[in-house]
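Written out below as structure tokens is the structure these notes cover.
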There are 2 protein chains.
Amino acid sequence: MTAVTNMALDGLVAASSVAVIGASDDPRRIGGRPVAYMRQRGFSGDILPVNPGRSTVQGLTAYESVEALPYAPDTAIVAVPAAHVPSVIDTLGKRRVRSAVVFSSGFAEVGPEGMRAQQDLLALAKSHGMRLLGPNTMGLYNERIGYYPTFSTSFESGWPLAGRIGIASQSGAFAAHIFTSARERRIGVPVCITTGNESDVTLGEAMQWLVQDPETDVIAVYAEGLRDAASFLAALEAAHAARKPVVLMKTGRSAVGSSAAQSHTSAIAGDDSVLNAVLAEYGVVRARSAEEFLDIAHLATRRIYPASNTLGVLSISGGAGVLISDTCEDLGLPLPEMPTSAQRQLKALIPFASVRNPVDCTAQVLNDLPVVGKFAEAIVGQGGYKSILNFFTQAGGTASVAPELLRQLSQVQERYPDRLFAMSVIGSSECTDRYEAAGITVFSDPTRAVVAIEAMGKFGDAFAKPLLKTGKAHGTSPALPRATLNEAEAKRWLTDAGVKCVLEEVAVDTESAVAAAERMGYPVVLKILSPDIAHKSEIGGVLLNIEDSDDVRAGVDLLIERAASFAPGAHIDGVLVARQVNDAMECIVGVHRDPLFGPVLMFGLGGILVEVMTDVVLHRCPVDYPTAVEMVRSIRGIPLLEGARGKPPRDIDALASTLVQLSSLAVAVGPNLQSIELNPVLVLARGEGAFAADALVVMNSTEGRNDKN
Amino acid sequence: MTAVTNMALDGLVAASSVAVIGASDDPRRIGGRPVAYMRQRGFSGDILPVNPGRSTVQGLTAYESVEALPYAPDTAIVAVPAAHVPSVIDTLGKRRVRSAVVFSSGFAEVGPEGMRAQQDLLALAKSHGMRLLGPNTMGLYNERIGYYPTFSTSFESGWPLAGRIGIASQSGAFAAHIFTSARERRIGVPVCITTGNESDVTLGEAMQWLVQDPETDVIAVYAEGLRDAASFLAALEAAHAARKPVVLMKTGRSAVGSSAAQSHTSAIAGDDSVLNAVLAEYGVVRARSAEEFLDIAHLATRRIYPASNTLGVLSISGGAGVLISDTCEDLGLPLPEMPTSAQRQLKALIPFASVRNPVDCTAQVLNDLPVVGKFAEAIVGQGGYKSILNFFTQAGGTASVAPELLRQLSQVQERYPDRLFAMSVIGSSECTDRYEAAGITVFSDPTRAVVAIEAMGKFGDAFAKPLLKTGKAHGTSPALPRATLNEAEAKRWLTDAGVKCVLEEVAVDTESAVAAAERMGYPVVLKILSPDIAHKSEIGGVLLNIEDSDDVRAGVDLLIERAASFAPGAHIDGVLVARQVNDAMECIVGVHRDPLFGPVLMFGLGGILVEVMTDVVLHRCPVDYPTAVEMVRSIRGIPLLEGARGKPPRDIDALASTLVQLSSLAVAVGPNLQSIELNPVLVLARGEGAFAADALVVMNSTEGRNDKN
């Protein structure tokens, strides 16, 4: 797919000829702007305006129809009312034009009727082997070739600057906000593709084009709702392989769908958390604001992505150093201490300096700037930090200080070209441009600098690690269970698949329950066994601390009675007799099928930590063992598993194996599986194992569906 | 104190004559800059340079000594080496100069010797009735009168603009970063006071001066470490009374001191959390970055502080609307839906608009701007939102759109002058200045706009509510306990003070324990009773589920045995027999003495929620009943008290009473109390009460100290 797509998108994104259907002589109209922009920017290819009423458009020869075009251009801009779009596309297709940018609105965004019109339009385009950007797209631009198939008004106030950032965006208005902000900040964004309704070309395909573009280093993505996971994941995989960082803004933390009802797992893992888990796999950094988005993309153009990032700080203000430390602590960016020998050396230069890190060289250095060079050399060379943030605020922007300060810092920067240099300084654009030209990225606000530096480390960590192969099971593929399993069947099935469960037996009458309990040894647990009762404990269907045979008999009667009164229609398969495991830590392990990303594994500590504090971690299935351990260790409540509050450390190895097995099973079973929830998994002391004490398997009601994993 | 202080500070901050000791003819030297700045800004008062070697300084008559001054100016700038400062201050004092700004460094910031020199200097100044700003201060400026007793280099690149924000800062460098950033953003900060080492004039006093200044509306405070709580709290109280918002940056989230060892309460409540609790009392907003600090201060100059804030959003981009919603959700700023009738009306204007809120009027309005006016009128008038954010990004900054858009929006703004209008727009400074002049505050980034708008609501909520009177007990004052109380004594003492505890008796031998248990009814709890064993459960010193007299006898033996082996030196007072309370929710309620702010009350849910998740809330003592209820309701785990997971709702009323009583007691006892921890407090079902089941009272080891509460 990739190769064909890219070829087709080349015609769209880097066309050498473009027709403009609905071209206007008025450079302020939607059909006029692309022509005006491309003429102003000296588009190197042909512009072929189509307008039945005019012989020229903005000084160019106009054609009265698509049929009248002298040849088939690479692409066509379609700027006609929605009703006329199908016939235009059909004619373009017949002329063998391979792609079109459809500005026209009035399709899926206006309701069901428009959606149908859009589907028809897509079918028509496909029948001609034609790719569509849009409809309802603001289009795209590629400043490198002066190519502007877009009606954005942003270019009234200036043109994009040269640079290495490319934008792929579902929203035109928001993309314009970003690239206009970039221009105001003198950040180069020479390519931007907005996908509009995405009838055909997806956000992921636009991202893929940027990844394979040799002139783009950083992919900046704005999404509102992902429609196609396959192309999005393919783009992320390609970006990872090419070491091109992806920074993403995704708005809308959507509520949980209706599938939530049947299991905690799906209720707790909202769509947005699943997306975050997927982004974490690929090292995509998610920006929280438009400014942060650009900060990160801009710093990323240095192409320095330090794995296991550390920060050294050189500041003329102790307070700013502390502020920077606070932000580092919030983000988990380490600020290791300077080596003792280097500290001594710096103290000798300025006795009242703070030299641990952050290093406060005090404003005194402003009278003796070569000292700054010595401080910077010590921090970078002896401190060995992967990233360096210099805080010189307005002093670093003054005419009396800036030139020599720059000279001192850039000498150090030249000696250590693999380090990431950033600077918090306030000065004229001429002044900050000079720092930037010397390889030192400028932020006026030190907090924003830290956020961006931390993101570079995330990119580096991701690039340093091979991607986990997801989507394929690495265990055996068990038989697909029937739609509804009772607890005993579920656990038998899970045990066969390698998921360890608590020892238990099914009893179909009172005396076999007693016999089972006697075999097992007291105390035991009794549970009602019915495929129709999902949450047994809510109807009192679980009895603990059953100590002898009389207890068993009374317990079985009580369970049958409760089932009869609280779930009168339920089919009762019998009673489950299970060994009672005491002194275990309760966890929840589950998988649920995300509609976009397939089966997702969830882990959390049992009880209130999951239900009230939502202390859970997610990952796409399957996970390998190191990933499973990492998941377990990443929850906030991890001290409880490591032996907090006077309890023994727990068997995290066994717990991780449960995660691995369950995730592999979920992939093997395929799309008919809606969710599996092991709640609780009882985790014993180190070396003693982890066992599912309850299991709920939910299959999709529409069995035999054929969607891909 | 207040009146005298302000008079003294008037001479410092708004002097009508100033001597410059160590004045330099070179306008770039520390002793030259103040003279140069004041001359350039046309300081209206007298500048009296003192320099023994010159007859003129920068064109002004110079005096060879302080003695030679023609009269005693309001204040003096001291720019001489540290060693000469004492004699200068002494001479100034003898001349009856009432205040001085001491630039000189080499005092407390350089170590113990400097600290002693600083204390001597302060004593000297006090002996003359003289106030000192500094030493080691960058000074201050008051642009309104052209008064610049400061050596900041920031003014090389421009002067502060007129406006209503005043800064009080402990750091000179960071203040310069802020006021320079403000100037770059065209935000007026005409007054700034930096306190340096704060030997005398404190941050709180500087704040108080700004509060009483009729030309300052917004107090922006930068702190690194609060040294004096009294003047800080007095300033916050005055600001609240004057309805002047305070925005604060405080760096350094300090680790917990050594007092943490003895009780959970102090370990969990770090200094920074105590400060946050104090700030919340007064409605002070704490900014997380320098930019946010200015964003909030700038928006606050509109003097519109909407209590129970709500936000209406008008956007030309659906995506930006969703981004804004996401931020509102993070911050808890409500975005109520538009009334149905208004929605219908807007749909009639633009059928494809989203009209619920955020309102997306689509970019179509850019061709018909009067429609924007109609949308804005509907949102403000019918929607009734207290704050309105308009997202028009670069389109709102273009020459073709901006003038008419401004006209439309400002017409609405004029009809609703009590509403807070903000705008996300990218344009030239001329363009954004026009929006600002019309009363619509401009942010380029919509996320930052939301953060600032939310802060205005916090100010409004605080101003709408009278301050809680803290620092005075409102109960009876119990007798001060002796330094160490055993558990039984502690609970008796607490019970006398109105704190409800679980029913219990002290038994000094086995048979009286049996008798007590029989009187009380089984099951009971047995606990070892010793003032020397703080954490009984760690040595197995608590036995639950004691069911009969044999159990009591065996239990007492076991406790004595454990105490002997695990705490051999401990004095054993006997055994505590307590009624066992089942099915209770465990909470922790504690007070600990903060060195700066006195006794602080802590509340959290028992067990892992406090210890692992740090889900706690703090408030200075004493609290009243509504505040106590608010505290309880503010923890993340509140669903557990309200009846989550099939459990009954708990007696929050009784729990709140426990908070009130304990907080009042802590104030009544005074500074000899280090901490009281009730852990657990057992909270029963609604109407059934809350009872402390264990209590630990820690007094200060240095009894009889005399510090104030």
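Basis for what follows: all heavy atoms, side chains included, without hydrogens, waters or symmetry-related copies. Here is how names work: the chains are called A, B, and so on, in the same order as the sequence lines, proteins then strands, and each is numbered from 1.
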Rounded to the nearest 0.5 Å, how far apart are [atom1] of [X] and [atom2] of [Y]?
{"X": "B:Glu291", "Y": "A:Arg448", "atom1": "CD", "atom2": "CZ", "answer": "4.0 Å"}
{"X": "A:Ser317", "Y": "B:Glu224", "atom1": "OG", "atom2": "CD", "answer": "6.0 Å"}
{"X": "B:Phe155", "Y": "A:Thr398", "atom1": "CZ", "atom2": "OG1", "answer": "13.0 Å"}
{"X": "B:Gln364", "Y": "A:Ser105", "atom1": "CD", "atom2": "OG", "answer": "7.5 Å"}
{"X": "B:Thr393", "Y": "A:Ile178", "atom1": "OG1", "atom2": "CD1", "answer": "8.5 Å"}

Self-check item: A:Glu156 versus chain B, the contacting section by heavy-atom distance below 4.5 Å
Solution: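 Just the side chain, heavy atoms under 4.5 Å.
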Exercise. Could you tell me which portion of A:Thr447 (side chain, backbone, both or neither) has an atom closer than 4.5 angstrom to a non-hydrogen atom of chain B?
Key: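 Contact with chain B is through the side chain of A:Thr447 alone.
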Quiz prompt | Residue selection (most heavy-atom pairs with chain A, distance under 4.5 Å) from B:Pro351, B:Ala290, B:Gly111 | solution =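 Ranked by contacts with chain A, first place is B:Ala290.
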Quiz item: If you count heavy-atom pairs under 4.5 Å between each of A:Ala320, A:Ala363, A:Ser157, A:Ser171 and chain B, which one has the most?
Solution: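 With the most close heavy-atom pairs to chain B, the winner is A:Ala320.
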Exercise. Heavy atoms only, distances under 4.5 angstrom: which of A:Ser315, A:Ser289, A:Ala173 has the most pairs with chain B? Name it, please.
Key: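 Most heavy-atom pairs under 4.5 Å with chain B: A:Ser289.
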Part of [X] within contact of chain A (heavy atom distance under 4.5 Å):
{"X": "B:Ser169", "value": "neither"}
{"X": "B:Ser424", "value": "side chain"}
{"X": "B:Glu184", "value": "side chain"}
{"X": "B:Ile426", "value": "side chain"}
{"X": "B:Ser325", "value": "neither"}
{"X": "B:Ala176", "value": "both"}
{"X": "B:Phe174", "value": "both"}

Quiz item: If every non-hydrogen atom of B:Asp326 is compared with every non-hydrogen atom of A:Lys250, which pair is closest and at what distance?
Solution: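 Distance-wise, the nearest heavy atoms are OD2-O, 4.3 Å.
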Practice problem: Answer yes or no: does atom CZ of A:Arg185 have more than 12 heavy-atom neighbours from other residues, nucleotides or ligands under 6.0 Å? | Solution: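 Check passes, neighbour count above 12.
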Quiz item: Below 4.5 Å, heavy atoms only, C-beta onward: do A:His177 and B:Ser444 meet side chain to side chain?
Solution: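 They are not in contact (no side-chain heavy atoms under 4.5 Å apart), so the answer is no.
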Quiz item: Do the side chain of B:Gln394 and the main chain of A:Ser154 share a donor and acceptor less than 3.5 angstrom apart?
Solution: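 Yes, because the side chain of B:Gln394 sits within donor-acceptor range (under 3.5 Å) of the backbone of A:Ser154.
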